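Working notes, beginning with the structure itself.
Everything numeric here is computed off the predicted structure, so don't read it as measured data. Each chain gets a letter, A, B and so on, in the order the sequences are listed, and its residues count up from 1.
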Amino acid sequence: MDFSQPELLLPFSFYNRPVLHVAKDLLGKILLRKQNGKILSGKIVETEAYHETNDPSCHAHRGKTRRNAVMFGPPGHLYVYFTYGMHYCMNVVAEAEGIAAAVLIRALEPLSGIELMKSRRDEKFKEKDLCNGPAKLCQAFAITTKENGISLLENKIWIADSELVSSKQIAVSPRIGISSGQELPWRFYLKDNHFVSGKKNGK
DNA sequence: ACTGCGATGTCCT
DNA sequence: GGACATCGCAGTT
């Protein structure tokens, strides 16, 4: 299956919806990036939703700043931030312009460009360890703050439609690494998928 | 298997 | 000055 066909590119209307719907519906979709004449791609298997309202762990909860400004912009854009002095994380902006909400992409199942991903991570890693964490997949796809704010509606970095995922295959849990306030069940992942984050042995 | 911790830049109080 | 939407290594059971 060639997911890079332009007809499969998810449209503006996909992102212009409540962030919890976008987070859930991104499961099973394909993240793609064209680079060095190659196509990097991976299936999204784990996401988390963040919203400025009633969510103290959202970067935008205290209003707009230089860092989080992209979250307040139109949906269908990339919000990339730098954290812990060495890691990048990528989010997909959702909901209407003016409302800050985004979906953190936490894990991918690599599909193509795997050699390039390995060269950017470390040759020693197995396939399942290339993108099973938010900072890992950014490293594998070479996504940094240079990519902050770019549109997902053009074919540089984009997301493609794929087969429908039944709600029976989706699991829900509290988000990971959150300390402030009482945590919400806003993490979604594909049940029994071996590429979800935090698994040491593939199961 | 699980636990602790160092790395290290940017934002925010 | 402290916290941070993390990761990988070292040490222990």
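By the criterion of side-chain heavy atoms lying less than 4.5 angstrom apart, applied directly or through intervening Ile, Leu, Val, Met, Phe, Trp or Tyr residues, A:Phe14 is grouped together with A:Leu153 in one hydrophobic cluster.
Taking a cutoff of 4.0 Å between a charged side-chain nitrogen and a carboxylate oxygen, A:Lys29 and A:Asp161 qualify as a salt bridge. A:Glu52 and A:Lys64 are not joined by a salt bridge, as no carboxylate oxygen comes within less than 4.0 angstrom of a charged side-chain nitrogen. A salt bridge between A:Glu48 and A:Arg106 is present, with a side-chain N of the basic residue lying under 4.0 Å from a carboxylate O of the acidic one. Between A:Lys118 and A:Asp129 there is no salt bridge, since none of the side-chain N atoms of the basic residue sits less than 4.0 Å from a carboxylate O of the acidic one.
Between the side chains of A:Gln139 and A:Arg121, at least one donor N or O sits under 3.5 Å from an acceptor N or O.
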Could you go through residues 77-95 of chain A and list every donor-acceptor pair under 3.5 Å that involves a side-chain atom there, pairing it with any protein atom two or more places apart or in another chain?
unit_1	atom_1	unit_2	atom_2	d
A:His77	ND1	A:Gly149	O	3.1
A:Tyr79	OH	A:His59	ND1	2.8
A:Asn91	ND2	A:Tyr79	O	3.2
A:Glu95	OE1	A:His51	NE2	3.3
A:Glu95	OE2	A:Val19	N	2.7

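The listed nucleotides are B:dT13, C:dA5, B:dC11; the one nearest the side chain of A:His59 is C:dA5.
Under the 6.0 Å distance and 45° angle rule, A:Arg187 counts as a cation-pi partner of A:Tyr189.
Atom P of C:dA3 sits at a distance of 16 Å from the matching atom of B:dC5, rounded to the whole Å. Annotation: B:dG6 and C:dG2 have their P atoms spaced 16 Å apart (nearest Å).
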Intra- and inter-strand pairs of DNA chain B in dot-bracket (Watson-Crick or G-U wobble, both distances under 3.5 Å; | for another strand): |||||||.||||.
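Rounded to an integer number of Å, the gap from OH of A:Tyr88 to P of B:dT10 is 8 Å. Remark: C1' of C:dC4 and CG of A:Leu104 are 14 Å apart, rounded to the nearest angstrom. Atom CZ in A:Arg62 sits roughly 13 Å away from atom P in C:dA3 (whole-Å rounding).
Look at A:Arg66 and you won't find any side-chain N or O under 4.0 angstrom from OP1 or OP2 of B:dT10.
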Protein and nucleotides 6-8 of chain C: nitrogen or oxygen contacts under 3.5 angstrom:
unit_1	atom_1	unit_2	atom_2	d
C:dT6	O2	A:His87	NE2	2.8
C:dC7	OP1	A:Pro134	N	3.2
C:dC7	OP1	A:Ala135	N	3.0
C:dC7	OP1	A:Lys136	N	3.4
C:dC7	O4'	A:His87	NE2	3.2
C:dG8	OP1	A:Arg121	NH1	2.8
C:dG8	OP1	A:Arg121	NH2	3.0
C:dG8	OP2	A:Lys136	NZ	3.3

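A:Asn68 places a side-chain N or O within 3.5 Å of a backbone atom of A:Gly63 that can act as its donor or acceptor partner.
Positionally, the nearest nucleotide of DNA chain C for A:Tyr79 lies more toward the 5' end than for the other of A:Tyr79 and A:Asp122.
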